[in-house]
Structure formats: structure tokens, C-alpha cells
*Asks:* 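One structure coming up, written as C-alpha cells, with questions to follow.
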Number of protein chains: 2
Amino acid sequence: MKVLAEPALTEDKAAAAKAAGIGALDGILGFHIRLAHGAVYRHFTETFAELELTQKQVSVLWLVGEDPGVAQIELGNRLRMDRATTMTIVNRLQARGYMKRERSASDGRRQALHLTPAGEAALVQAKACIAAHEAWLKSRFTAEEAEKLVEMLARIHE
Amino acid sequence: MKVLAEPALTEDKAAAAKAAGIGALDGILGFHIRLAHGAVYRHFTETFAELELTQKQVSVLWLVGEDPGVAQIELGNRLRMDRATTMTIVNRLQARGYMKRERSASDGRRQALHLTPAGEAALVQAKACIAAHEAWLKSRFTAEEAEKLVEMLARIHE
DNA sequence: GGATATTTGTATGCTCTACTAACAATTACG
DNA sequence: CGTAATTGTTAGTAGAGCATACAAATATCC
């Protein structure tokens with residue numbers, strides 16, 4: 001006869017053991033990067049819910065604030081976005097009055113990007129939120145570990 | 001220490017220094033996680049272009065292969081996806097004939113997921129691609145570094 | 001036992017990110 | 001000069017994620 005009770009126990013045990021686990025996937029570095037990114041993404045979204053800013057939007061605000069007049073193509077290069085993706089983000093920030101485009105004097109193909117006063121103000125708030133977000137993220141590491149982690153991640157994306 | 005104190009060539013040097021840089025954003029751990037994830041994502045997409053599988057699809061194939069009969073809600077918990085997101089991925093894999101749903105005998109709410117023979121075959125190919133992808137990713141680390149990196153990333157997503 | 005809550009799957013719609021392809025304007029090059 | 005490359009722009013496609021609402025099955029409580 002088919003053993004129905006036994007497999008039930010086996011199933012339970014296996015289910016319990018695997019309940020929080022991911023099996024052999026646990027050894028895959030890329031998988032952990034993906035999960036970690038997801039966790040950071042979710043916390044970022046919560047942190048910036050009030051400001052209604054995304055990671056990319058904050059990154060663009062930040063870079064334009066640091067380097068006024070930067071061209072869209074430069075933003076894309078630094079943030080590893082293509083031109084089309086950069087467009088949609090700049091469009092959104094411009095529509096919200098945080099950023100303005102000006103044709104570059106030295107190169108008519110380029111759009112020089114600048115923050116508006118509203119954009120500057122948003123950036124100040126965003127940097128405070130970033131600080132809180134970073135504190136949450138780094139709370140689980142020592143200073144040495146955080147530094148090592150940044151250095152290793154940089155080896156991946158550089 | 002101040003390295004940016006030369007007035008004459010400030011503009012050129014700053015521009016050159018910033019050409020590939022991201023300024024103060026470089027100190028933000030979350031930013032590096034995002035860039036690293038993007039780099040891994042792009043390489044993954046290239047590696048799996050032939051198989052036409054995404055990271056999530058491979059993860060789901062993998063987990064269902066390891067744990068036949070697993071419920072969708074379990075997949076979502078393990079991969080940190082909500083039910084709706086899990087649905088779309090399972091739907092796609094089922095539409096391609098890689099997976100089938102069966103109502104759970106012990107709990108009528110659950111759908112027990114199983115791989116089809118085609119799904120098993122796809123998983124075998126996928127695992128080979130994962131190995132190549134992981135080799136590319138880990139090539140920049142020693143075994144100890146990779147282990148430490150996984151452990152630190154796990155602290156973020158656990 | 002029966003009413004009520006919870007869990008799971010499903011369907012729908014929205015947003016953000018990313019990519020491709022095509023086109024126009026500008027600049028660089030041979 | 002004419003041609004090629006760069007930059008911005010638009011339009012379309014796709015994946016992933018989330019929120020909401022609903023239905024069916026199960027669990028819980030009185």
C-alpha cells in the first residue's frame with residue numbers, strides 16, 4: 001500500500017527545514033546581491049515615501065547638485081543608465097520643478113542640467129533621508145566591514 | 001586632507017576627476033549595492049539571453065526543482081516576492097510549459113508547483129549558465145572574500 | 001456547530017526601471 | 001566638404017513590484 005502517513009511526516013520535516021531556506025541557491029553570490037538589493041530598495045522606498053523620490057531620482061538630484069551644468073549623457077555614464085532611462089528620470093524631476101535644462105554653449109548637442117531652488121531644497125531633505133537610510137543599512141556592520149563591503153561592491157560595478 | 005585646492009586648473013581637473021566619478025555618492029553603501037546589482041543584472045541578462053530566462057524565473061525554477069510541490073506563497077516568502085509578483089512569474093513559466101500547478105491535497109488553498117520534463121531540462125541548462133555567471137562574478141574575489149561578501153549581504157536581506 | 005477571521009490564489013491596474021529602434025540636431029573627422 | 005559619431009528625444013516593449021479587490025479554502029473563536 002502507498003504510505004501516506006510517512007510522507008506526510010517527511011513533508012513536514014522538509015517543509016520546516018526549508019521554510020526559511022533557499023537550498024543550494026544559498027551559495028550563489030549573485031542571488032544574495034539580488035536579495036540584498038531588494039531589501040535596500042524596500043527600505044529606501046519607505047524612507048522616501050514622504051518625499052516621493054526614488055533611488056534614481058535622488059542620485060540624479062545629488063549628482064546635478066554636485067556638478068551643475070552636467071549633461072544627461074554624463075549622468076547616464078556615471079549612474080550606468082542609458083540615454084532613454086536618463087531622459088525619463090530627468091523629465092520627471094523637471095516636471096516637478098526640481099531641475100531645468102539649458103542648451104550647452106560649448107556643445108549644442110548637450111543639455112546642461114541645473115537644480116532649481118525647489119530642487120536644492122528637495123536635495124537637502126533627501127540627503128537627510130539618505131543619512132537615516134544609510135544608518136539603518138550600516139547598523140549591522142563595523143566601520144571596517146562597511147568599508148570592505150563598499151570596496152568589494154565597487155569591484156563588481158567598476 | 002584637501003586635495004582640491006588648485007585654483008588655476010580647478011575646472012579642468014574637477015571635470016576630469018568627475019568624468020568617471022560620482023563624488024560624495026561614492027561613500028554611500030546603498031548606492032554601491034544598487035550599482036553592483038545593476039552590473040550583475042546586466043551580465044545575467046546577457047548570459048541568459050539564449051535561454052530567455054530572467055533572474056526571478058531561474059530562482060523559481062531552481063526552488064521548485066529542489067522542493068517539488070512547494071506552494072506559491074512559500075516561493076514568495078523565500079524569494080521576498082509578494083503573491084502578485086510570484087503569480088506573474090509562475091504564470092510565465094507555466095505558459096512556457098516549464099511548470100504545472102496542482103491543487104494541494106492537504107490544503108485546498110495551496111497550489112503545489114512541479115516542474116515538467118521541459119522545466120527540468122531548462123533548469124539543467126540554467127544551472128550551467130549560473131555557473132558561468134557566478135564564475136564571472138567571483139573572478140574578482142578570493143574564496144575568503146566571496147564568502148565574507150555573501151555573509152555580509154545575508155546580514156542585509158535576512 | 002456556526003459565524004467570523006485568516007490564508008492562499010487570482011485578476012486588474014498602476015508605477016518605475018531598462019532596453020531597443022528610429023529620428024533630428026550638432027559636432028568631429030577624414 | 002561630406003560622412004561618421006555624439007547627444008537628445010520620442011515611442012514602444014518588457015520585467016518587476018506593489019496595492020486593491022475578490023473567491024475559495026481553512027482556521028479560530030464563541
*Asks:* Checking A:Arg78 side chain against A:Gly76 main chain: does a donor-acceptor pair fall under 3.5 Å?
*Replies:*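 Absent.
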*Asks:* Protein within reach of the bases, or only the backbone? For nucleotides 15-27 of chain C, mark each nucleotide 5' to 3' as B, S or -, using heavy atoms under 4.0 Å.
*Replies:* -SSBBB-----BB
*Asks:* For A:Leu75 and D:dG8, give me the distance from atom CG to atom C1', rounded to whole Å.
*Replies:*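 That distance rounds to 13 Å.
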*Asks:* With sequence neighbours excluded, what pairs up with B:Lys138 under the side chain to side chain donor-acceptor pair (under 3.5 Å) test?
*Replies:*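 B:Lys138: side chain to side chain donor-acceptor pair (under 3.5 Å) contacts with B:Glu134.
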*Asks:* Provide, to the nearest angstrom, the distance between the CZ atom belonging to B:Arg78 and the P atom belonging to C:dT8.
*Replies:*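 Roughly 13 Å, once rounded to whole Å.
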*Asks:* Could you state the atom-to-atom distance from CG of B:Leu53 to C1' of D:dA16 in whole Å?
*Replies:*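 Whole-Å distance recorded here is 16 Å.
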*Asks:* In this structure, how many angstroms lie between the P atom of D:dG15 and the CG atom of B:Asn91, rounded?
*Replies:*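 So the CG-P distance, B:Asn91 to D:dG15, works out to 12 Å.
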*Asks:* Return yes if some donor-acceptor pair links the side-chain N/O of B:Arg101 with the main-chain N/O of B:Leu113 below 3.5 Å, else return no.
*Replies:*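 Checked: no pair found.
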*Asks:* Strictly below 4.0 Å, N to O, side chains only: are A:Glu46 and A:Arg42 in salt-bridge contact?
*Replies:*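 Looking at A:Glu46 and A:Arg42, the cut-off is not met.
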*Asks:* Taking CD from B:Gln72 and P from C:dG9, how many angstroms apart are they, rounded to a whole number?
*Replies:*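 Atom-to-atom, B:Gln72 to C:dG9, this comes out as 5 Å.
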*Asks:* What is the distance, rounded to the nearest whole Å, between atom CZ of B:Arg96 and atom C1' of D:dA14?
*Replies:*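 Distance, rounded to whole Å: 14 Å.
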*Asks:* Salt bridge or not for B:Glu145 and A:Arg155, using N-O below 4.0 Å?
*Replies:*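 Salt bridge present between B:Glu145 and A:Arg155.
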*Asks:* Expressed as a whole number of angstroms, how long is the span from A:Asn77:CG to D:dT7:P?
*Replies:*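 My rounded result for the distance is 8 Å.
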*Asks:* Over 60° means perpendicular and under 30° means parallel, so classify the ring planes of B:His133 and B:Phe44, tilted if in between.
*Replies:*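 Plane angle over 60°, so perpendicular.
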*Asks:* What integer distance in Å separates B:Glu52:CD from D:dT13:P?
*Replies:*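 My rounded result for the distance is 17 Å.
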